[in-house]
Structure formats: C-alpha cells, structure tokens
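Here the structure comes first, spelled out in structure tokens, and everything after it is commentary.
One-based numbering along the sequence shown.
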Amino acid sequence: KKMHKLSENYKAIELFPITDIASATTTNGTGVDCLGLRDDLVAVVQLGAMTGTHTCDVTIQESDASGSGYAAISGAVFTQTDANSDNTIACIGFKRTKRYVRASIVTAGTVTSNIIGISGLIKAEEGKVDLNSATAA
C-alpha cells in the first residue's frame, strides 16, 4: 500500500476568514470552487473570544453557482455556540453534492465580540497529487 503525504492529497480551503462579528447578523463566506476535488469535506470552526449574551450558528452551504442558490448541506450544521463556548475548535465531516461551498454564520442576541474563522480540508480526486494544502483554492 502506497503512503501519501497529507499536503499532496488534501487541500486546505478558507470558508470564512478570521473575523470579529460585533453585531447580530447573518454573514456568509465567499463560495469556494471545489471542481476536481472529492465530495468528502471536513470543516473546522475556530472560536476566539466571545463576549455578550448571544448565540452563534454555523452552517456549511453548497450551490451549483458561485454567487447564488446556496442551501445547507445535510449533516453540515455545527452545534449552536454561546459566550460560554469561546476559545474552542469544532470539526464535522460531511459530503457535498454541488460544486461550490461556503460558510454561513448567524449571530443573535447582544453581540459585543464574536471572533470566528472557518476552514475546510478536502481530498483531491483519486490519482491527483499536484495539490498543496498551503495553496488557496
């Protein structure tokens, strides 16, 4: 059995850059093109300092087009967080069925600070070894 390097078989993608969301709002990341990549994806949510009395819901969405038509991916909804969840990391794995993926964040309540970043790890197509996990999608 051939061993593979993580950087040759997986690609790190940014679904939502590290940002301080300081109000109750719905914020969406930019769609990432996953053409040529497998349908298995692991999303990682990193929470920094969270202050205020609020909740935060994170969903990974998909679409056939980059700018519209996004809907939640089954199994790609993170457990709701609140101010007691600060400085944590959560991961979920799921399968996508469409070409583009993005993160959607909904904060509600009194939001003073909600530092969050969302990344993904996606596997290359079988036999494709020219991806580098440090290269943007």
Side-chain angles (χ1 to χ4, degrees):
K1 189 173 182 179
K2 184 178 177 184
M3 297 294 291
H4 296 283
K5 293 180 183 175
L6 181 65
S7 65
E8 292 176 341
N9 295 287
Y10 292 85
K11 185 173 189 89
I13 58 175
E14 182 177 76
L15 296 172
F16 192 83
I18 295 173
T19 304
D20 185 1
I21 300 172
S23 63
T25 187
T26 297
T27 307
N28 296 316
T30 302
V32 176
D33 189 357
C34 295
L35 182 66
L37 302 173
R38 291 219 179 145
D39 56 356
D40 295 326
L41 178 63
V42 174
V44 180
V45 172
Q46 296 173 283
L47 293 173
M50 296 177 69
T51 58
T53 51
H54 69 282
T55 59
C56 179
D57 294 289
V58 176
T59 304
I60 307 302
Q61 301 175 331
E62 65 182 351
S63 176
D64 288 321
S66 65
S68 64
Y70 283 91
I73 299 172
S74 178
V77 177
F78 285 84
T79 301
Q80 186 179 70
T81 60
D82 58 26
N84 295 319
S85 307
D86 63 346
N87 299 311
T88 62
I89 297 175
C91 301
I92 57 171
F94 53 90
K95 289 192 179 288
R96 64 179 180 82
T97 60
K98 301 188 182 216
R99 180 172 173 174
Y100 295 90
V101 295
R102 73 176 185 187
S104 179
I105 302 166
V106 178
T107 53
T110 304
V111 183
T112 307
S113 179
N114 184 41
I115 298 173
I116 188 168
I118 306 168
S119 302
L121 192 60
I122 191 165
K123 191 168 185 179
E125 288 290 348
E126 188 70 38
K128 189 168 177 75
V129 295
D130 60 344
L131 293 176
N132 182 318
S133 64
T135 304

Inset, instruction - Please step through side chain to side chain contact (heavy atoms under 4.5 Å, CB included) for the pair V32 and I122, ending with a clear verdict. - result: CA-CA 11 Å; V32 176; I122 191 165; over 6 Å; no
Legend entry - Under 3.5 Å donor-acceptor, E62 side chain and T97 backbone: yes
Inset, instruction - Determine, step by step, whether I105 and T19 satisfy the side chain to side chain contact (heavy atoms under 4.5 Å, CB included) criterion, reporting the C-alpha distance in whole Å, the side-chain angles of both residues, the deciding distance to 0.1 Å, and the verdict. - result: CA-CA 11 Å; I105 302 166; T19 304; over 6 Å; no
Legend entry - Donor-acceptor pair, side chain of S23 and main chain of V111, under 3.5 angstrom: no
Inset, instruction - Determine, step by step, whether L121 and V44 satisfy the side chain to side chain contact (heavy atoms under 4.5 Å, CB included) criterion, reporting the C-alpha distance in whole Å, the side-chain angles of both residues, the deciding distance to 0.1 Å, and the verdict. - result: CA-CA 8 Å; L121 192 60; V44 180; over 6 Å; no
Inset, instruction - Could you tell me whether D39 and R96 make a salt bridge, using a distance below 4.0 angstrom between a side-chain N and a carboxylate O? - result: no
Legend entry - Test applied, side-chain hydrogen bond (donor to acceptor under 3.5 Å, both in side chains); reference residue, S104; option that passes from N28, T27, T59, D57: N28
Inset, instruction - Output yes when a side-chain donor or acceptor of T51 lies under 3.5 Å from a complementary backbone atom of S113, and no otherwise. - result: yes
Legend entry - Heavy-atom donor-acceptor pair, N114 side chain to A22 backbone, under 3.5 Å: no
Inset, instruction - Begin from the C-alpha positions of V101 and F94 and carry the test side chain to side chain contact (heavy atoms under 4.5 Å, CB included) through to its verdict. - result: CA-CA 12 Å; V101 295; F94 53 90; 5.5 Å; no
Legend entry - Gap between atom OG1 of T107 and atom CE of M50 - 0.5 Å precision: 9.0 Å
Legend entry - Check ion pair D64-R99 (N to O, under 4.0 angstrom): no
